[in-house]
S.K.: 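One structure coming up, written as structure tokens, with questions to follow.
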Number of protein chains: 2
Amino acid sequence: MVPSAFVVVTALLLRLGSANLADESELPSEYGSLWPLPQSVNTSPELYRLSEVTFQIVHSPHSTASVGCSILDNAFRRYFAYIFSVSARSEGWAPATSETSGSSAEELRELQVTLTASDPECTQHPRSTSSEAYEISVAQPVAILKSENVWGALRGLETFSQLVYEDEYNTHLVNKTEIVDSPRFAHRGVLLDTSRHYLPVKVILETLDAMSFNKFNVFHWHIVDDPSFPYQSITFPELSAQGAYHPFTHIYTLTDVQIIIEYARERGIRVIPEFDTPGHTQSWKGQSNLLTPCYNGEKLTGSFGPINPTLNTTYDFINQLFKEISWVFPDEYIHLGGDEVNFDCWKSNPRITQFMQKQGFGTDYRKLESFYIQKVLDIVASNLKGYMVWQEVFDNGVKLKPDTIIHVWKGAYQKQLAAVTAAKFHALLSSPWYMNVISYGQDWQKIYTVEPCNFNGTAAQKKLVIGGEACLWGEYVDATNLASRLWPRASAVSERLWSSAETTNLSDAYKRLSKHRCRMVRRGIPAEPLFVGYCDYEYKGL
Amino acid sequence: MVPSAFVVVTALLLRLGSANLADESELPSEYGSLWPLPQSVNTSPELYRLSEVTFQIVHSPHSTASVGCSILDNAFRRYFAYIFSVSARSEGWAPATSETSGSSAEELRELQVTLTASDPECTQHPRSTSSEAYEISVAQPVAILKSENVWGALRGLETFSQLVYEDEYNTHLVNKTEIVDSPRFAHRGVLLDTSRHYLPVKVILETLDAMSFNKFNVFHWHIVDDPSFPYQSITFPELSAQGAYHPFTHIYTLTDVQIIIEYARERGIRVIPEFDTPGHTQSWKGQSNLLTPCYNGEKLTGSFGPINPTLNTTYDFINQLFKEISWVFPDEYIHLGGDEVNFDCWKSNPRITQFMQKQGFGTDYRKLESFYIQKVLDIVASNLKGYMVWQEVFDNGVKLKPDTIIHVWKGAYQKQLAAVTAAKFHALLSSPWYMNVISYGQDWQKIYTVEPCNFNGTAAQKKLVIGGEACLWGEYVDATNLASRLWPRASAVSERLWSSAETTNLSDAYKRLSKHRCRMVRRGIPAEPLFVGYCDYEYKGL
């Protein structure tokens with residue numbers, strides 16, 4: 001009784017040139033449940049046992065960090081719990097050639113973490129240039145995790161936790177393994193939209209957890225937009241008082257934001273806020289004289305358009321607001337939006353027409369938009385921040401700082417990436433990774449098979465692609481369905497952005513991702529199933 | 001940055017000939033948050049207050065039921081809690097013309113429930129012929145809920161709980177109201193598939209709760225299928241021991257089944273189990289010599305096909321199994337499946353070829369299938385059960401008892417319904433209501449606008465359409481995403497099947513359904529949002 005099901009899945013599988021992935025092979029992946037796949041993995045059949053009573057994750061005596069580097073101390077505690085409470089069952093993943101059984105295996109006593117940089121960055125925030133490289137050597141009697149700084153160590157801890165599994169007697173085992181790993185792209189983000197639906201803080205924290213399980217390192221917080229303004233500004237509290245869905249229950253206070261930033265930092269995740277202007281600002285009504293009043297002929301309609309770019313007060317406001325934002329959000333970058341500006345209201349307003357004439361813009365409202373954006377960019381740059389913008393800002397020829405990141409989100413992305421990088425700007429890809437757009441079947445495969453550097457350009461141009469973001473726009477998403485819509489579909493993006501360009505085998509990916517999604521479920525994330533099957537421990541089970 | 005979003009939604013809305021439903025009108029529905037809409041609602045601006053301290057739901061002294069009719073006692077307790085902990089906020093729903101404010105309103109002291117039938121059916125199970133009609137009269141000082149028996153009372157309690165709302169001071173209010181209500185269709189079902197993914201018992205119970213909020217009255221339990229056999233049979237325990245995903249953690253014991261049936265009964269929901277044969281039985285491998293061994297030429301391939309219809313042992317097994325099922329599941333009906341039988345394995349098997357010749361079936365394997373189904377139907381009928389079958393059984397010309405229900409699931413459903421009812425069989429519609437099939441945007445509208453009686457046929461034929469079912473097949477659904485995928489999309493089916501055929505206004509439905517989904521969220525069901533907006537109390541909020 002499942003006609004569409006069968007047809008669609010079959011079509012999808014055929015289109016991607018793969019057989020029924022669920023049945024293709026009973027053999028597990030040689031890489032177990034590792035996700036995203038490290039750059040280099042060498043596993044031996046030699047097995048070690050881990051005891052929950054005696055096993056420890058510790059700072060190596062040779063490390064430049066020690067107890068008191070609380071970002072690591074917390075991570076040790078967190079991963080100890082993941083390892084011993086929620087490891088994968090061995091079935092279908094312990095290398096079949098293991099020489100020893102769990103009961104006769106030698107013991108792995110410790111995971112020693114060694115940081116090598118003179119400043120291990122215990123109290124810093126991750127940056128776009130932070131190294132996330134690490135190496136793991138699992139060998140008796142101690143395993144070694146080595147990295148420059150805390151950021152690589154966090155990635156390595158996740159990988160180590162994915163190496164441990166349980167045999168049928170619940171003994172925790174790990175194979176002798178050597179891993180050398182680092183990300184292919186530096187910017188691996190997830191966008192959440194807290195304007196179309198308000199997302200409670202705990203939903204955002206849960207998402208940050210899941211991001212860390214997938215080695216994502218940027219939370220792009222699309223915090224305000226037309227429908228609501230949940231950010232409670234210290235300087236302009238009327239913005240949320242009048243623009244949020246509810247002025248007390250549906251806002252993010254300064255403390256909320258700080259908790260989210262710190263929770264993200266502890267997982268090696270940058271928080272980049274987006275305050276999109278001059279469009280997408282209908283909810284900014286708490287600031288008077290900011291939005292453009294629309295006219296019908298000579299009469300005010302009572303409705304408002306984009307931010308009014310013709311008033312000095314606008315730039316005073318923008319200056320003060322972005323000063324605050326620059327202080328609240330420590331990341332070096334702010335996302336300034338700049339997309340989808342509707343010119344109708346500007347066109348209707350006689351004062352704007354006047355201004356256009358005075359500036360010699362004719363009737364080209366893109367020039368007015370650029371005039372505005374240019375000023376905003378200069379303000380943000382004066383706050384010593386870099387900026388990201390949606391692709392329209394580039395398309396419209398606004399003068400941009402050389403380190404500007406152009407966020408590609410529409411049209412044929414290969415063409416856009418070629419154009420952006422030809423102009424020597426950094427590019428970030430999202431067009432094929434709109435997680436809110438759903439269809440029936442295994443659509444993770446379509447997400448997975450995107451190759452960001454598959455465009456016409458020089459090697460130098462391709463180096464300008466700094467990564468991508470999985471975007472979850474909020475029209476149809478709130479706390480009820482966010483996690484199951486995002487995971488594990490966004491995991492497909494995470495492997496594409498972390499692992500080597502050669503990591504493209506769909507059948508192997510299916511096997512690892514199925515296990516990875518069950519691990520996410522055990523860690524409390526309601527990641528949805530890829531296809532028919534089961535997890536040893538079901539969500540809400542027993 | 002939401003191109004597909006915008007395009008798809010706009011297209012959908014245009015196609016359905018409606019404006020942007022979210023913005024179309026700020027006015028609330030005159031029917032508040034009622035869902036599904038009762039047949040007749042008369043609301044007055046006169047308001048009454050309800051006190052959590054003194055308000056009671058009680059058996060009327062004139063009722064044929066009294067304390068000790070525990071199905072009602074439990075429902076009183078449940079709805080008291082829903083009324084006082086999770087009522088909708090008044091904003092946008094209290095009739096604007098209310099004469100009195102909450103603080104000056106008179107008090108509503110009681111809801112008196114009066115059953116009129118000499119046997120109110122307190123200890124019985126709901127049946128396909130049970131009356132669910134009820135009347136509510138809310139007037140000072142007591143409200144009256146009147147019905148024949150407990151089933152109508154349960155529906156009326158849900159409706160009464162939907163009438164109560166809170167004003168801005170959290171005072172619970174209800175308008176003077178008269179409601180006369182009964183369902184348009186007798187069979188309003190939800191199908192869950194526990195074979196493709198195992199669903200923990202608490203997920204099924206949660207679904208039964210949500211079903212009762214939507215006045216669904218049949219849980220069609222597609223309990224076993226190819227991928228797994230989670231039903232633990234007392235007579236044939238090897239079926240789940242060998243066929244379940246895990247013989248202990250991924251099964252339904254007799255106690256589990258009984259808990260589910262009782263939980264459903266308390267909500268006026270019938271439980272109809274489906275044991276689909278002869279296809280969809282790959283997981284029935286725990287019974288030896290049941291499935292057909294497949295051949296490649298003269299050699300056994302080692303794989304198996306549908307149930308072997310040529311052996312007497314097959315029918316002994318079927319007889320014993322269905323005797324048990326008939327005892328475990330008290331409903332008068334069993335769903336026997338009969339869909340999608342693949343003939344390849346039967347064709348390959350020399351003994352089956354022999355049997356075909358002996359029976360004079362030629363090479364028409366549909367005759368063999370009908371031979372099998374006919375025998376199963378007779379066995380089930382001998383256990384005094386009625387049966388439901390998927391449409392193929394009808395299409396293939398199997399001789400059916402007159403009270404057989406044909407479940408329409410594929411092809412042009414108007415044509416199928418016409419054919420089935422022309423043959424004087426009862427018909428049940430599911431084709432347009434596959435909840436597992438998803439697409440981007442407000443697809444609840446497409447679900448909602450289906451009209452089951454929109455086919456060529458006489459009035460007598462249309463009476464044979466007994467209702468429909470929202471089917472949630474399990475390829476891509478498990479405990480992680482079941483609730484948010486099913487609700488509120490299945491609510492669109494519930495209103496179509498309960499309310500009058502004239503209840504078709506999409507804009508009014510949007511307004512009521514938005515509030516109804518927020519109420520489900522407050523009652524613990526993660527029903528996903530219809531579109532941009534918010535609930536007073538978000539899922540996982542604060």
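Predicted model only: the values in this text are computed from it and were never measured. Naming convention: chains lettered A, B, ... in sequence-line order (proteins, then strands); numbering from 1 in each chain.
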S.K.: For the residue pair B:Glu538 and A:His197, establish whether any side-chain heavy-atom pair is separated by less than 4.5 Å.
M.R.: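 A side-chain contact under 4.5 Å is absent here.
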S.K.: Sort A:Lys202 into side chain, backbone, both or neither according to what part of it lies under 4.5 angstrom from a heavy atom of chain B.
M.R.: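 A:Lys202 touches chain B through side-chain heavy atoms alone.
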S.K.: Would you check if A:Asn436 and B:Tyr440 make a side-chain contact, meaning some heavy-atom pair closer than 4.5 Å?
M.R.: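 They are in contact (side-chain heavy atoms under 4.5 Å apart), so the answer is yes.
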S.K.: Who passes side chain to side chain contact (heavy atoms under 4.5 Å, CB included) against A:Ser283, sequence neighbours left out?
M.R.: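 Residues passing side chain to side chain contact (heavy atoms under 4.5 Å, CB included) with A:Ser283: A:Phe229.
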S.K.: Using non-hydrogen atoms only, which part of A:His407 is less than 4.5 Å away from chain B: side chain, backbone, both, or neither?
M.R.: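 For A:His407, neither part sits under 4.5 Å from chain B.
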S.K.: I'd like to know which of B:Ser195, B:Gly541, B:Cys471 tops the heavy-atom pair count under 4.5 Å against chain A.
M.R.: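 The residue among B:Ser195, B:Gly541, B:Cys471 with the greatest pair count is B:Gly541.
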S.K.: For the interface with chain A, which of B:Pro529, B:Pro200, B:Ala527, B:Pro227 has the highest count of heavy-atom pairs at distances below 4.5 Å?
M.R.: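 If we count pairs closer than 4.5 Å to chain A, B:Pro529 comes out on top.
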S.K.: For chain B, find its close neighbours in residues 478-489 of chain A: heavy-atom separation under 4.5 Å, sorted by number, or none.
M.R.: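 Interface residues of residues 478-489 of chain A: A:Asp478, A:Ala479, A:Thr480, A:Asn481, A:Ser484, A:Arg485.
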S.K.: What is the distance from atom SG of B:Cys535 to atom NE2 of A:His246, rounded to the nearest 0.5 Å?
M.R.: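 It comes to 13.5 Å.
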S.K.: Could you state the interatomic distance from CD1 (A:Ile438) to OH (B:Tyr476), rounded to the nearest 0.5 Å?
M.R.: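 Answer rounded to 0.5 Å: 13.5 Å.
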S.K.: Is B:Val201 in contact with chain A via its backbone, its side chain, both, or neither, using a 4.5 Å heavy-atom distance?
M.R.: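 Looking at B:Val201, nothing touches chain A.
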S.K.: Measure the shortest side-chain to side-chain distance between B:Phe531 and A:Glu475 over non-hydrogen atoms and say whether it is less than 4.5 angstrom.
M.R.: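 Heavy-atom side-chain distance check passes, below 4.5 Å.
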S.K.: Given heavy-atom pairs under 4.5 angstrom as the criterion, report whether the side chain, backbone, both or neither of A:Val521 touches chain B.
M.R.: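 The answer is the side chain of A:Val521.
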S.K.: At a heavy-atom separation under 4.5 Å, does A:Gln391 approach chain B through its side chain, its backbone, both, or neither?
M.R.: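 When you check distances to chain B, no heavy atom of A:Gln391 falls under 4.5 Å.
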S.K.: For A:Leu530, is it the side chain, the backbone, both, or neither that has a heavy atom closer than 4.5 Å to a heavy atom of chain B?
M.R.: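 Backbone only.
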